[in-house]
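Have a look at the structure below before the remarks.
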Amino acid sequence: MEFFVELNVFRAQWMSELKPNSGSNGGNRGLSSRAADLRRKQELAREEKARELFLKAVEEEENGAVYEAIKYYRRAMQIVPDIEFKINYSRSPDPDGGNEKDMDGEIEDLLAYFHQQLTLQDNSLKICVPEVEMTQMHISALPPEVLIYIFRWVVSSDLDLRALEQLSLVCRGFYICARDPEIWRSACLRVWGRSCTKLVPFNSWREMFLERPRVRFDGVYISKTAYIRQGEESLDGFYRAWHQVEYYRYLRFFPDGQVMMLTTPEDPLVTVPRLVESIMCGHYRLSQDTDNQTKVFVVVSKRKEEKVAEYQRNSRFCRRNPAAPETEHSFHVGLQLSSGGRQSFNKLNWIHHSCHINYRSTGETVVTAFDLDQMYASFFFARVKSYTAFSERPL
């Protein structure tokens, strides 16, 4: 094909040279226009041939035949060196995959779309259908009520809604069960109690749980404080040591309103697994003021058995008087909940810290408030997988 195109161009040029100069200008213009048309057709033919070779090379490369692809690439670039920049890579719509606009419409109301895809077999609603034939009983034989109860065990009393969202990715039926309003309503009631009896301004219980400010239960909030402290002067008086002090504060919240707090110089890798042992425990509550800021108020104290043991270790008369100490210490903490980065509700800022000493003999309570300075670093959330690895009770 390329040979005949070049031959026609050569003939046109040869005929124009044989014509005498005294010929009409109209005839010369006609011949030149025909020659220009032939050149354009020749260029288009070359680009079309190079395009076919280049796309063939792309197909071979996708199939793993690299050496064959190189040959087609080379032949295409020999015909048109810049063919790579003249190809439109937009693919035609896949007839089996449907239209992208239709897919966007389905995603907007995916739950309703999946409900339409459910099949009715033997006059019973099937949540899912086995992909291949099985000799054993398939999970699709279970009624939806039983599946939802299993999903409540997945969420567990620790409110592991992250596991529920991962379970919804298995199939369409699991997606529908994971969006059951009663599961998300129960989770909201565990977090906010009576203050979430109404959905307004949210459209669903799931939207409320995901967007309404709350503390997280699948990890721990960690605050690291570091400062430099001046040491004692040496005996000879020539130098004075400086010490770099680092310690951590840990806060772990539970859905039932309990909280654990610990202050220690140990690294989180050592301390986080031990946050299930007896440390400072107490309770917390969420409060949302008129300024639309969510605050967390925490009250913690040492366990009673720890108080008695510490008193017996420090008292000189522990054998004569083994009774419990006459004072009770409790710490009141106020924190402001906020979000930072890609995670939600992952930051707690200090707004209050005080120590309350209650004297049992007189009933008097002495309150000591601490000044909040740079020593009170913000808490940041860190997810701990082991906290939600086991399910003890259903939601």
Side-chain angles (χ1 to χ4, degrees), residues 147-170 174 177-178 180 183-184 186-192 206 209-210 212-226 246-286 296 298-303 305-306 331 333 335 337-349 377-395:
L147 283 176
I148 292 177
Y149 182 72
I150 296 175
F151 281 26
R152 286 181 175 270
W153 271 97
V154 173
V155 177
S156 75
S157 57
D158 295 327
L159 295 186
D160 187 11
L161 276 305
R162 181 187 180 93
L164 182 67
E165 291 291 288
Q166 293 176 343
L167 188 61
S168 67
L169 302 177
V170 174
F174 281 21
C177 292
D180 182 65
I183 294 180
W184 294 95
S186 301
C188 293
L189 290 175
R190 286 291 305 276
V191 176
W192 295 286
R206 180 175 178 270
F209 187 86
L210 296 177
R212 185 172 176 178
R214 56 177 172 80
V215 291
R216 299 182 58 176
F217 311 116
D218 55 343
V220 59
Y221 288 86
I222 304 176
S223 171
K224 180 181 179 181
T225 302
E246 291 184 357
Y247 63 92
Y248 299 86
R249 290 188 179 99
Y250 300 90
L251 271 175
R252 183 184 176 186
F253 297 93
F254 295 89
D256 58 357
Q258 295 186 7
V259 62
M260 291 183 177
M261 187 174 183
L262 176 64
T263 302
T264 176
E266 294 182 350
D267 191 80
L269 293 177
V270 180
T271 307
V272 167
R274 297 195 294 110
L275 282 180
V276 295
E277 301 176 359
S278 57
I279 52 178
M280 294 184 63
C281 300
H283 60 274
Y284 73 93
R285 65 179 178 89
L286 298 176
V296 184
V298 178
V299 179
V300 291
S301 60
K302 291 184 178 180
R303 297 180 183 270
E305 55 269 18
E306 288 188 354
F331 297 90
V333 177
L335 302 165
L337 183 64
S338 61
S339 302
R342 297 182 179 180
Q343 296 185 359
S344 301
F345 324 125
N346 65 332
K347 186 178 180 181
L348 293 172
N349 299 318
S378 300
F379 288 88
F380 290 92
F381 181 79
R383 180 170 171 259
V384 183
K385 295 182 180 179
S386 61
Y387 287 173
T388 55
F390 301 97
S391 179
E392 298 180 357
R393 296 184 302 275
L395 174 63

Using 0.5 Å steps for rounding, measure from the [atom1] atom of [X] to the [atom2] atom of [Y].
| X | Y | atom1 | atom2 | value |
| --- | --- | --- | --- | --- |
| Tyr247 | Ser223 | OH | OG | 7.5 Å |
| Phe345 | Ser339 | CZ | OG | 5.0 Å |
| Phe379 | Asn349 | CZ | CG | 10.5 Å |
| Leu167 | Leu147 | CG | CG | 9.5 Å |

>> side chain to side chain contact (heavy atoms under 4.5 Å, CB included) for Ser156 and Thr388? Distances and angles first, verdict last.
In response: CA-CA 9 Å; Ser156 75; Thr388 55; over 6 Å; no
>> Once salt bridge (charged side-chain N to carboxylate O under 4.0 Å, His left out) is applied, do any residues pair with Arg216, and if so which ones, sequence neighbours excluded?
In response: Asp218
>> Please enumerate all residues that pass salt bridge (charged side-chain N to carboxylate O under 4.0 Å, His left out) together with Glu165, with sequence neighbours excluded.
In response: Arg179, Arg206
> salt bridge (Lys or Arg N to Asp or Glu O under 4.0 Å): which pairs involve residues 385-395, sequence neighbours left out?
Replying inline: none
Which heavy-atom pair separates [X] from [Y] by the least distance, and what is that distance?
| X | Y | answer |
| --- | --- | --- |
| Val154 | Ala163 | CG1-CB, 3.9 Å |
| Pro213 | Trp192 | O-NE1, 3.5 Å |
| Ala178 | Leu164 | O-CD2, 3.7 Å |
| Pro255 | Leu159 | CB-CD1, 3.8 Å |
| Cys281 | Met260 | SG-CG, 4.0 Å |
| Cys177 | Phe151 | CB-CE2, 3.3 Å |

Listed by chain and number, what are the ring pair (Phe, Tyr, Trp, His ring centres under 6.0 Å) partners of [X], not counting sequence neighbours?
| X | value |
| --- | --- |
| Phe217 | none |
| Tyr284 | Phe253 |
| Phe381 | Tyr221 |

> Quick one: side chain to side chain donor-acceptor pair (under 3.5 Å) pairs with a partner in residues 255-266, sequence neighbours left out?
Replying inline: Glu266-Arg274
Holding to side-chain contact (heavy atoms from CB on, under 4.5 Å), I want the full list of residues that pass it with [X], two or more places apart in sequence or in another chain.
| X | result |
| --- | --- |
| Pro268 | Ile222, Tyr248, Tyr250, Val272 |
| Val333 | Met261, Val298, Leu335, Trp350, His353 |
| Ala226 | Glu246 |

> Leu348 versus Leu337: any side-chain heavy-atom pair under 4.5 Å?
Replying inline: yes
> Under the side chain to side chain contact (heavy atoms under 4.5 Å, CB included) criterion, do Phe380 and Lys224 qualify, and how do the steps go?
Replying inline: CA-CA 9 Å; Phe380 290 92; Lys224 180 181 179 181; over 6 Å; no
> Considering residues at least two apart in sequence or located in another chain, which fulfil the side chain to side chain donor-acceptor pair (under 3.5 Å) criterion with Arg152?
Replying inline: Ser186
>> Run the side chain to side chain donor-acceptor pair (under 3.5 Å) test against Trp153 and tell me which residues pass, sequence neighbours left out.
In response: Tyr149
>> I'd like to know whether Tyr387 forms a side chain to side chain contact (heavy atoms under 4.5 Å, CB included) with Asp158, so could you lay out the CA-CA distance, the side-chain angles of the two residues, the decisive distance to 0.1 Å, and finally the verdict.
In response: CA-CA 8 Å; Tyr387 287 173; Asp158 295 327; over 6 Å; no
>> A quick test of your reading: do over 12 heavy atoms of other residues, nucleotides or ligands sit less than 6.0 Å from CZ of Arg162?
In response: no
>> Between His283 and Val299, does the side chain to side chain contact (heavy atoms under 4.5 Å, CB included) criterion hold? Intermediate values first, please.
In response: CA-CA 6 Å; His283 60 274; Val299 179; 3.9 Å; yes
